[in-house]
Amino acid sequence: MIKFAGPVLDEATIEGVADVLRSGHITSGPWVERFEAALSAHCEGRPVRAVTSATAAIEVALQLAGIGEGDEVITCAESFFTVLNMIVKAGAKPVFVDCDLVTRSIDLDQVAARIGPRTRAIIPTHWPGSLVDLDALYALAERHGARVIEDAALVLGSRWNGRPVGGVGDLVTFSFHPNKNITSIEGGAIVCNGADEARRIETLRFHGIERLPDGTRDVAFPGGKFNLPDVNARIGVAQLAQLPAYLATRRALVERYFERFRTTPACALPPQPRDGDGQSWNMFCVLLPLDTMRMSRKEFRDALAARGIATGISYEALHLSTLGRRFGYRPGDFPNTERIAERTLTLPLHAGLRVEDVDAVCDACADAMDRARA
Ligand SMILES: Cc1ncc(COP(=O)(O)O)c(C=O)c1O
């Protein structure tokens, strides 16, 4: 079986986890602090706080930004369910815009057109291989006094004008789910602005509890329970140290995909970055030429699965989910997102994959496409 995604966990990391388990301190403690310090160093010294997932990170970021009932949050219809869910859970209204068909980045002209008096935040999702234009995004957000929560779940290690994602900007959230660039089993982090926000996140991620001078505790607002255990943080520390190596492996595999897909099969590919422009590759997604295929995407995926190759769909159109439609969205609202959602196929990519595996995937795709177009 060629896995679609997954982590590389070496023996030293496994031994390190065993040490944490033996230490008796298994929930949040010194390893979380070390993980946060290492993430902060990666983000040019900005404060970072670890939580249990990127979903929790976005939930906490929205709460930190004070977003709730009556507020609007602009986001891209081409993203993962998390973004929609957390906006709705916060009590705010999701305002969708379309994405660019090739880069899948949020269409900032459409964001500008939808910004209104109730807009409190913009949540763009960064795509592997091409970041959202941060200069244009922040110029727009600042003009309108909107907060930005960058969903950087897929792009830890990418760079914008030479600077790491998370090293610039407002609130930036990462995911350490096993399919991401590094893992802590489950886990996430928020990059924020200064010590006050960091302290506020510490409260929000742990019940909303404040410690009073007399040794008792109080809760002034409903916090969640999103603190990352040390066992997870121990893995995260080891993984972060390996990030450059993992990204180099992923980049080499993606170069092979680009080389093999240049001619066959006739799929639309992500933009191929120039050498050294600092893009990380969490996923390699192609668009199937369904108009010229006598096979559905499901049948194409089944043909690959029959050869032991797992694939994914990234992502379904958020505005057409049952929850999205509750806000009045309909088919045809966002043609680029809908075209992507209908045709996209995520091919196997992870740091444990070999170039021969990519070749096997490409051979299987070519054979399936031959049959689909015969
Ligand atoms: C773009 C994007 N954002 C956020 C998330 C949520 O990440 P987590 O599983 O850590 O909550 C995901 C998960 O796949 C994602 O793909």
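Nothing fancy with the numbering, it's 1 onward along the sequence. Keep in mind that this is a model prediction, so the values were computed, not measured. Start at 1 and go down the list; that is how both ligands and their atoms are numbered.
- Not a single N or O atom of Thr125, backbone or side chain, sits closer than 3.5 Å to an N or O atom of ligand 1.
- Remark: Glu15 engages Arg22 in a salt bridge, criterion side-chain N to carboxylate O under 4.0 Å.
- Contact annotation: for Thr55 versus ligand 1, heavy atoms closer than 4.0 Å belong to both the backbone and the side chain.
- Counting atoms of ligand 1 from 1 in the listed order, those under 4.0 Å from a heavy atom of Ser175 are 7 (O), 8 (P), 10 (O).
- Nearest protein heavy-atom contact of atom 5 (C) of ligand 1 is Phe80 CD2, 3.7 Å.
- A cation-pi contact, defined as under 6.0 Å to the ring centre and within 45° of the axis, is absent between Arg49 and Phe206.
- For the pair Arg163 and Trp160, the NZ or CZ position fails the cation-pi test of under 6.0 Å to the six-membered ring centre and within 45 degrees of the ring normal.
- Here the two rings, on Phe284 and Phe258, have centers that are under 6.0 Å apart.
- Distances from atom 13 (C) of ligand 1 to the heavy atoms of Lys180, Met283, Glu59, Glu186 show the closest one on Lys180.
- Considering backbone and side-chain atoms together, Thr82 places no N or O closer than 3.5 Å to any N or O of ligand 1.
- Relative orientation of the Phe174 and Phe176 rings is parallel, given thresholds of 30° and 60° on the angle between their planes.
- The pair Arg234-Asp19 does not count as a salt bridge, with every side-chain nitrogen at least 4.0 angstrom from each carboxylate oxygen.
- Close N/O approach between His177 and ligand 1 is not found [any backbone or side-chain N/O within under 3.5 Å].
- For ligand 1, the atoms sitting less than 4.0 Å from at least one non-hydrogen atom of Tyr315 are 1 (C), 15 (C), 16 (O), numbered in the order shown with element in parentheses.
- Checked against a 3.5 angstrom limit, the closest N/O atoms of Asp151 and ligand 1 fall inside it.
- Here's the thing with Ala54: one of its N/O atoms is less than 3.5 angstrom from an N/O atom of ligand 1.
- Remark: side-chain polar atoms of Glu338 are paired, donor with acceptor, to backbone N or O of Asp333 under 3.5 angstrom.
- Near Gly187, the atoms of ligand 1 lying under 4.0 angstrom from a non-hydrogen atom of the residue are 10 (O).
- Residue-environment remark: CZ (Arg217) stays at or below the threshold of 12 foreign heavy atoms within 6.0 Å.
- Counting heavy atoms closer than 4.0 Å to ligand 1, residue Ala153 contributes side-chain atoms (C-beta onward) but none from N, CA, C or O.
- Around atom CD1 of Ile26, no more than 12 heavy atoms belonging to other residues, nucleotides or ligands sit under 6.0 Å away.
- With a heavy-atom cut-off of 4.0 Å, Thr173 does not touch ligand 1 at all.
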